[in-house]
Amino acid sequence: ALQERFDGILRSLKGQAKISGSNIEDATREIRRALLEADVSVQVARDFVARVAEEARGAEVLKGVLPGQQFVKIVHDQLVELLGGQNAPLVLATGGPTVIMMVGLQGSGKTTSAAKLAKLLKGKMGRRPFLVAADIYRPAAVEQLAVLGRDLGVPVFRPVDNDALKTARLGLAEAQSGHFDTVILDTAGRLHIDEGMMQELERIRAELNPHEILFVADSMIGQDAVRAARDFHQRLAFTGVVLTKLDGDTRGGAAMSIRAVTGAPVKFTGTGEKLDALEPFHPERLAQRILG
Amino acid sequence: LGTGRRVDEAMLDELEEILLSADLGVDTAERVVSGLRERVKHDADTPLDRLIEEEVLALLKPTSSGLVPQAENFGDQPRVVLVVGVNGTGKTTTVAKLAAREKREGRRVMLVAADTFRAAAVEQLEIWAGRAGVDLVKAAHGADPAAVAFDGLNAAMARGHQVVLVDTAGRLHNKKNLMSELDKITRVLSRRLPGAPHEVLLVLDGTTGQNALSQARIFTEATGVTGLVLTKLDGTARGGIALAIHQELGLPVRWIGVGEGLEDLEPFDPSLYARALFE
Ligand SMILES: Nc1nc2c(ncn2[C@@H]2O[C@H](COP(=O)(O)OP(=O)(O)OP(=O)(O)O)[C@@H](O)[C@H]2O)c(=O)[nH]1
Ligand SMILES: Nc1nc2c(ncn2[C@@H]2O[C@H](COP(=O)(O)OP(=O)(O)OP(=O)(O)O)[C@@H](O)[C@H]2O)c(=O)[nH]1
Ligand SMILES: [Mg+2]
Ligand SMILES: [Mg+2]
């Protein structure tokens, strides 16, 4: 773990008043390496390490505390702060249904997360959710959401005229007339570099004006996290992130990259395949995980 | 990087960044860079981009593409391919693409829908079977996947199919019960037909980072992976972790997925791949 690595490097600091000079060089190189191994993007790791070095340079060695421990605390605290300090809740509308749009790369967990969100809203939050299946491309995508909706007792609006925009529009209208208070729109997975598909999302956003656009990202994504998140954010200004498959053993450094590059908070984490496996985001826990 | 540039430390740093951004991982990227630093000392003539390409290719040797030597090994028994991997990587779509390719090459294909767990998984493969024009064996939702695998292989052998492609449910490698389920599927196939599965393809999402290495290790332990498929390389990801996997486990990349359609599968070409790392 990072703690042991620092103990080794910084044993020489005992008794010194300041962490400085080449000690910081060695330590920050170790942090950078650990972050890269955790899938943090190259650029984000570099910027983060520079900030940590700056804070460390001025720091006094805490009496009785191993320099390594203090250094890790600086890293840990900065990481927690970057990840968003505390939990960012879902934005809910004051009048008319809240519209939540799920977007992201192929296979990230959008359809499953849409259903999980519906379950959370219906159950713990006592609301009346409505699901809209706007993935008109993937074989049996609509059926997948329909099965999940049926298991939850949540209605699922099916595609109209093989047109995602029309489906979104009519789905919202149906939800309004049925007095549902939350509409969750599932969209097809797509590449951020697919111009036509990204424009489809832009049109849906322009028309429906969602209260939340959630970028659903697979927690095991590597360096591509920044490329995808940056493009999705530039085009859609997504308001939150769902980080999925955290029941795996990936370090999840992509969360740090996505947050650093877009400023959007992680609002939920997916922690399993069952529909109850959606948890609010705990920055402390993810920081521990990224640091290994 | 430009072919006219001389190799100095600044240039090597830049190269390392490119390799890291391609998900090679710290150790593999360092290995390529230090290998290059050495070569440049003894070789002033070879153009830089050739040198880099050779360093990367060295990591991929020996490797082969998806063109598996066929009929002579199998007589009148089907070749059985088991497709595995973590959730959402593109297994079902890859199975469909492989089926289409085999059919195009004149073989009778049987698809086996052994993902009996996920919502609409069987329906998804069924649609693909229809589009590819191949047969499908399925069972009721919630059936034992090993039983479906057995029934599928059985039916294929009875009806004289030449290739059996078994699609399995996505599963995270740290879930012991799911990995032992996979081990059971493998054993059941080999009991029905000694030597089966002849290929076990681990499907890796091309956007996956360092976690792909643990995936490869643990899936290999559970089910004897014989080759990799790297999907979603039509995006901006480069799947560089495949180099580290090949280094450590000797697993070759057999195929790459380059889109969501039936035709979007290509045999792995190491030279094209090495060059694409810099695009
Ligand atoms: N273990 C685990 N699996 C998950 C989680 N979230 C989703 N999955 C699985 O990941 C796979 C992909 O999930 P989907 O919901 O189909 O992903 P998607 O983003 O809708 O996929 P596309 O619509 O094709 O882009 C499925 O096997 C899900 O069961 C999670 O938090 N943990
Ligand atoms: N762009 C692109 N998308 C792909 C590729 N391969 C698969 N996909 C997409 O990735 C998503 C997931 O594909 P699936 O075939 O359902 O993945 P899976 O591994 O079977 O998923 P689970 O069974 O849920 O674990 C779908 O939206 C596919 O269309 C590829 O090579 N390129
Ligand atoms: Mg989906
Ligand atoms: Mg599948």
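Heavy-atom basis, side chains included; hydrogens, waters and symmetry copies ignored. Because the structure is a prediction, the values reported are computed rather than measured.
- Interatomic distance, CZ of R251(A) versus CG of N211(B), reported as 10.5 Å (0.5 Å rounding).
- I221(A) touches chain B through backbone and side chain together, each having a heavy atom under 4.5 Å away.
- Of the listed residues (L20(B), T231(B), T89(B)), the one with the most heavy-atom contacts under 4.5 Å to chain A is L20(B).
- With respect to chain B, the highest number of heavy-atom pairs below 4.5 Å among T111(A), D249(A), I193(A) belongs to D249(A).
- Of the residues considered (D234(B), L125(B), N174(B)), N174(B) shows the highest number of contacts with chain A, using heavy-atom pairs under 4.5 Å.
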- Please step through side chain to side chain contact (heavy atoms under 4.5 Å, CB included) for the pair R138(A) and Q124(B), ending with a clear verdict. CA-CA 8 Å; R138(A) 170 174 152 158; Q124(B) 183 186 7; 3.5 Å; yes
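- Side chain to side chain, Q106(A) and E260(B) meet the donor-acceptor criterion of an N or O pair below 3.5 Å.
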Check residues 149-159 of chain A and write down every donor-acceptor pair under 3.5 Å in which the side-chain atom is one partner and the other belongs to a residue at least two apart or another chain.
residue, atom, partner, partner atom, Å
R158(A), NH2, E143(A), OE1, 3.4

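- Annotation: side chain of R131(B) is in contact with side chain of P139(A) (closest heavy-atom distance under 4.5 Å).
- A distance of 8.0 Å separates CG in D205(B) from CG in L105(A), rounded to the nearest 0.5 Å.
- Side-chain atoms of D39(A) come within 3.5 Å of backbone atoms of Q210(B) as a donor-acceptor pair (strictly under, hydrogens ignored).
- No part of E126(B) comes within reach of chain A, as not one of its non-hydrogen atoms sits under 4.5 angstrom from that chain.
- Residue contact with chain B, scored on non-hydrogen atoms closer than 4.5 Å, is absent for R190(A).
- For K184(B), the NZ atom sits in a loose shell: 12 or fewer heavy atoms of surrounding residues, nucleotides or ligands are nearer than 6.0 Å.
- The environment of NZ in K267(A) is crowded: more than 12 heavy-atom neighbours from other residues, nucleotides or ligands sit within 6.0 Å.
- The 12-atom threshold is not exceeded at CZ of R32(A), counting heavy atoms of other residues, nucleotides or ligands nearer than 6.0 Å.
- Counting all heavy atoms, side chain and backbone alike, R227(A) lies closest to A237(B) at NH2-CA, 4.1 Å.
- Enclosure of atom CZ in R31(B) is not indicated, since only 12 or fewer non-hydrogen atoms of other residues, nucleotides or ligands lie within 6.0 angstrom.
- The pair D27(B)-R33(A) counts as a salt bridge, with a side-chain nitrogen and a carboxylate oxygen less than 4.0 angstrom apart.
- The structure places CG of L191(A) at 7.5 Å from OG1 of T236(B), a figure rounded to the nearest 0.5 Å.
- Between the side chain of D23(B) and the main chain of Q223(A), a donor-acceptor pair closer than 3.5 Å is present.
- A120(B) approaches A140(A) most closely through the heavy-atom pair CB-O, 3.8 Å.
- Interface residue D247(A): backbone and side-chain heavy atoms are both found under 4.5 Å from chain B.
- K232(B) has no carboxylate O lying under 4.0 Å from a charged side-chain N of D224(A), or vice versa, which leaves the two without a salt bridge.
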